[in-house]
Protein chains: 2
Amino acid sequence: MRYKYGCDMRGMFSFQILWLLSKRKMSGEEIAREIAKRRGEKPKAGTLYPALKELRMANMVNGVRSGRTITYSLTAHGRICLRHALTYFCRSFGDVFNDAK
Amino acid sequence: MRYKYGCDMRGMFSFQILWLLSKRKMSGEEIAREIAKRRGEKPKAGTLYPALKELRMANMVNGVRSGRTITYSLTAHGRICLRHALTYFCRSFGDVFNDAK
DNA sequence: TTAAATATATCGGTTGTCCTATATGTAATT
DNA sequence: AATTACATATAGGACAACCGATATATTTAA
């Protein structure tokens, strides 16, 4: 993933994962449920796990296995990327939100 | 463009175009400048015009040429799609935005 | 101990967001 | 008339968000 701070909104799914993990450690299933609460549908396994793999390979997220579940959490680098992405996100879409309520 | 109301955030660029056009009619260049104000970078012609073409083919936007500029505006159908997309967007990312400020 | 449920993972394919580079048509300038 | 600038457009390619289908562990239940 890139998170250029320019004109690129291809990272929304990974962005949301990073944001959720900034709140608390979660398993893949928990992440899927949190996204479902917001988007209305659970991301499929074929969407979620490749994204988590990308985030791990980019050293933004790490995972600790215990039994059959893996608990994912942000790395220091992930926290920095999230902060930049948040700034970009709010600057890009802040007025859309303010407008909507 | 699809605007399924499920788990799909691939339509952010088109979404932002629709939202901008809901404020006022604009040419392609004006749309690009408005996006630049928010995202920090002007979308390139190879990004913008294919997206506008898609929106026209989906009957969400129409364009009226006058000289060398085309003035784009929302169709009734575009307005309906935007309203649905706004609902989805706010439900998906409302807490991210509230959190950030 | 087999069966079912849970959690993670990969594969192949489609679509949309991006790019650089190039092309076309229109208006203003020289 | 030729040049420059502006606005729109297309071609070809990369990558990320999606899907359905399938596979592999691990735990729990029958």
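So that the names make sense, note that chain A is the first sequence line, chain B the second, and so on, each numbered from 1.
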Nearest whole angstrom, please: distance from the C1' of dA7(D) to the NZ of Lys42(B). 10 Å
In this structure, how many angstroms lie between the C1' atom of dA17(D) and the CD atom of Glu41(A), rounded? 14 Å
Short side-chain to backbone donor-acceptor contact, Thr75(B) and Met60(B), under 3.5 Å: yes
Taking the side chain from Asn98(B) and the backbone from Gly94(B), do they hold a donor-acceptor pair closer than 3.5 Å? yes
Angle between ring planes, Phe97(B) versus Phe97(A), binned at 30° and 60°: parallel, tilted or perpendicular? parallel
Any Arg56(B) side-chain nitrogen or oxygen under 4.0 Å from OP1 or OP2 of dA9(D): yes
How many Å lie between CD on Gln16(B) and C1' on dG16(C), as a whole number? 15 Å
Would you say Arg39(B) and Gln16(B) are linked by a side-chain donor-acceptor pair, where the criterion is simply a distance under 3.5 Å? yes
Can Glu34(B) and Lys23(B) be counted as an ion pair, charged N to O under 4.0 angstrom? no
Closest heavy-atom pair, Lys25(A) versus Glu30(A), reported as atoms and distance to 0.1 Å, is O-OE1, 4.4 Å
Regarding the side chain of Arg68(B), the nearest nucleotide among dA7(D), dA9(C), dA17(D) is dA7(D)
Identify whether any heavy atom of Arg33(A) sits under 4.0 Å from a base atom; if not, whether one sits that close to sugar-phosphate; answer base, sugar-phosphate or nothing. nothing
Examine dT10(D): is either OP1 or OP2 under 4.0 Å from a nitrogen or oxygen in the side chain of Lys53(B)? Give yes or no. yes
Tell me: CZ of Phe13(B) to C1' of dC19(C), nearest whole Å? 12 Å
Using a cut-off of strictly less than 4.0 Å between a heavy atom of the residue and any atom of DNA chain C, enumerate the qualifying residues of residues 43-52 of chain A by number. Ala45(A), Gly46(A), Tyr49(A), Pro50(A)
Value in whole Å for how far the C1' atom of dG16(C) lies from CZ of Arg10(A): 9 Å
Step-by-step side chain to side chain contact (heavy atoms under 4.5 Å, CB included) determination, Ile31(B) to Leu52(B): CA-CA 10 Å; Ile31(B) 291 170; Leu52(B) 283 170; 4.1 Å; yes
Proximity to the side chain of Ile70(A) - top-ranked nucleotide from dT8(D), dT8(C), dT27(D): dT8(C)
Between dT17(C) and Ser14(B), is there an OP1 or OP2 to side-chain N/O distance shorter than 4.0 Å? yes
Whole angstroms only, please: what is the CZ-C1' distance between Arg65(A) and dT6(C)? 11 Å
Please report the distance, rounded to the nearest Å, between CD1 in Ile17(A) and P in dT8(C). 12 Å
Between C1' of dA9(C) and CD of Glu54(A), the distance in whole Å: 14 Å
Decide yes or no on side chain to side chain contact (heavy atoms under 4.5 Å, CB included) for Val64(B) and Tyr72(B), but give the supporting numbers first. CA-CA 7 Å; Val64(B) 176; Tyr72(B) 299 94; over 6 Å; no
For Pro50(B) and Ala45(B), the nearest pair of non-hydrogen atoms, with its separation, is CD-O, 3.5 Å
Here DNA chain D, pairs taken as Watson-Crick or G-U under 3.5 Å and shown with ( ), [ ] when crossing and | when to another strand, reads ||||||||||||||||||||||||||||||
